[in-house]
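In this chain, numbering begins with 1 at the start of the sequence shown. Basis for what follows: all heavy atoms, side chains included, without hydrogens, waters or symmetry-related copies. As the structure is a prediction and not an experimental result, all values here were calculated from the model.
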Amino acid sequence: MNLNQPLHKLSFLAVFHRFIMGLSLNYYTHTTHTLKRQDSTKTLLIKTEQLLRIEDHDFALRPGFGGAAIPVGIDVQVESIDSISEVNMDFTMTLYLRHYWKDERLSFPSHNNQSRTFDSRLVKKIWVPDVFFVHSKRSFIHDTTMENIMLRVYPDGNILYSVRVTVTALCSMDFSSFPLDTQNCSLELESYAYNENDLMLYWKNGNDSLRTDEIVLSQFFIDDFHASNGLAFYSSTGWYNRLFINFILRRHIFFFMLQTYFPTMLMVVLSWVSFWIDRRAVPARVSLGMTTVLTMSTIITGVSSSMPQVSYVKAVDVYLWTSFLFVFLSVIEYAAVNYYTTLEEMRKMKRGKIPSTFNASQAMAFDGCFHDNDIELTPFPPLRPSLTPDPLIAANQSSDSRSSGGTRLRRQRSLRENVELLVSNSNMIDSYSRLAFPMSYLLFNTIYWSMYC
């Protein structure tokens, strides 16, 4: 037993030693392979920098420094217009921005004249134009799964630099015709550091430099997309080239017709129903008037909350407040009818046509309606006997009066008499309102839609 025990220990140590040597060999092989791959990547990058002679030049300076301005062509493809905000007065656009220029410092020999394409790592080591978006609020370059940047270098030194960017920019909107409005927005590009003496921005292919995909917006039609250029002056640094991406937006009206105009029209028409309700039905007419007034107030508040607080009157404000005025006047109309009805009853009571024991408020206490059965009207007084005994004499007298007086003219009532007649007969106020209110509102709609459409 004492001789076999050392032998078992020696065999176990030999197996364990072999296992450790195997692990060390695998780790060494894996590490060597990884280092070789890193060395090959570094070697490839070093070969690229050597090919373009990046270390031989100072790329902090623009190409042709001290000479004429370097021309930089711009080409834009609009991918989408993501959102348009009336409250913030801005729009968000995603686009492909491409720059074209020539830097002879990056020229390289090539037998087949084939270009070389790189990613964002090389962009940080060379000179690129410092184009920015004027009046932009936010912007970023997409970085999924890598930064969406492409750099293509041609053997003669021509360079294509492309980025995919999303920008939110200001759009000064005029809402005086809202929602029947058309907005002109523009995205402006400009060099930040180089004025026109150092860098000249221009559209690469003229009007064809701006291309768009099929863009569909929920609230707008895109009537036009075009490119233009101009100059911008800064008092401290001079003149700069500026490029414009202009587009015209025409608003969809159907959404606002369903959400604003049609409900407003219905509320105005509903307020006219009170003209056909009995003037003594106080609860019915008052509740109907208050309901339409409160509904109009809710519509106006909803529209105002989704709009910027501008200091001028919008087209929708004109329509809503005029419609609110019609609804309000229908309530005032019933107040006038009720008031003059009370005056008329008081006069009849003084004349004795209504018994002094009659109480109009008690008659309306239960249902608010005026009941003719509750009032006993006195009969008409008998006609007085004619003073002319003989009808022939009366006929002769009437013929003599016509021959002597000529044609008898009917005197027209004055305005004051018409008003007094209207006041003395409150039923006529409802009768005239049934015609005056619809005709006035129809005239207003005709003028409104002819002005803004």
Side-chain angles (χ1 to χ4, degrees), residues 259-303 319-381 413 415-445:
Q259 297 295 322
T260 304
Y261 286 98
F262 284 159
T264 302
M265 293 177 185
L266 291 178
M267 287 301 104
V268 175
V269 173
L270 183 61
S271 67
W272 300 340
V273 175
S274 64
F275 303 150
W276 276 266
I277 300 177
D278 183 17
R279 56 180 175 165
R280 288 299 182 182
V282 178
R285 295 189 67 162
V286 170
S287 60
L288 179 61
M290 291 298 101
T291 300
T292 53
V293 168
L294 293 176
T295 305
M296 284 298 305
S297 301
T298 303
I299 295 175
I300 293 174
T301 303
V303 173
Y319 195 89
L320 290 177
W321 283 103
T322 304
S323 299
F324 182 83
L325 180 62
F326 274 90
V327 174
F328 180 75
L329 288 178
S330 67
V331 178
I332 299 300
E333 185 268 350
Y334 176 64
V337 169
N338 186 272
Y339 175 74
Y340 290 123
T341 301
T342 304
L343 293 181
E344 184 179 353
E345 290 175 355
M346 296 298 294
R347 284 195 299 267
K348 289 181 179 179
M349 186 176 296
K350 290 180 180 179
R351 295 174 184 174
K353 292 185 178 182
I354 299 179
S356 58
T357 58
F358 173 73
N359 191 338
S361 60
Q362 292 179 359
M364 296 190 307
F366 294 98
D367 57 359
C369 297
F370 177 78
H371 301 282
D372 292 335
N373 296 330
D374 296 335
I375 302 177
E376 295 181 0
L377 298 179
T378 59
F380 288 102
R413 288 191 294 265
L415 179 61
R416 180 179 179 181
E417 291 175 343
N418 287 327
V419 173
E420 291 178 354
L421 178 62
L422 189 64
V423 169
S424 62
N425 191 358
S426 57
N427 281 329
M428 295 179 62
I429 300 179
D430 279 342
S431 301
Y432 285 124
S433 298
R434 295 169 189 172
L435 181 63
F437 274 75
M439 294 301 296
S440 301
Y441 195 65
L442 180 62
L443 178 62
F444 162 70
N445 276 273

Quick one: does [X]'s side chain get under 4.5 Å of [Y]'s, heavy atoms only?
{"X": "S323", "Y": "M296", "value": "yes"}
{"X": "M267", "Y": "F324", "value": "no"}
{"X": "F437", "Y": "L329", "value": "yes"}
{"X": "L270", "Y": "T291", "value": "no"}
{"X": "S433", "Y": "F275", "value": "yes"}

Atom pair [atom1] ([X]) and [atom2] ([Y]), whose distance is rounded to the nearest 0.5 Å:
{"X": "T264", "Y": "Q259", "atom1": "OG1", "atom2": "CD", "result": "11.0 Å"}
{"X": "E333", "Y": "R434", "atom1": "CD", "atom2": "CZ", "result": "9.5 Å"}
{"X": "S271", "Y": "R285", "atom1": "OG", "atom2": "CZ", "result": "11.0 Å"}
{"X": "T295", "Y": "I300", "atom1": "OG1", "atom2": "CD1", "result": "11.0 Å"}
{"X": "T341", "Y": "M346", "atom1": "OG1", "atom2": "CE", "result": "13.5 Å"}
{"X": "D430", "Y": "L435", "atom1": "CG", "atom2": "CG", "result": "13.0 Å"}

Which heavy atom of G289 sits nearest a heavy atom of T292, and at what distance?
->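 Between these two residues, the closest heavy atoms are O-OG1, 2.8 Å.
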
Write down the atom of I277, the atom of A281, and the distance for their closest heavy-atom approach.
->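 For I277 and A281, the tightest heavy-atom pair comes out as CG2-CB, 3.8 Å.
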
Residues that T322 engages under side chain to side chain contact (heavy atoms under 4.5 Å, CB included), provided they are two or more places apart |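 Applying side chain to side chain contact (heavy atoms under 4.5 Å, CB included) to T322 gives V318, F326, F444.
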
Side chain to side chain donor-acceptor pair (under 3.5 Å) evaluation trace for N445 with Y319 = CA-CA 8 Å; N445 276 273; Y319 195 89; 2.8 Å; yes

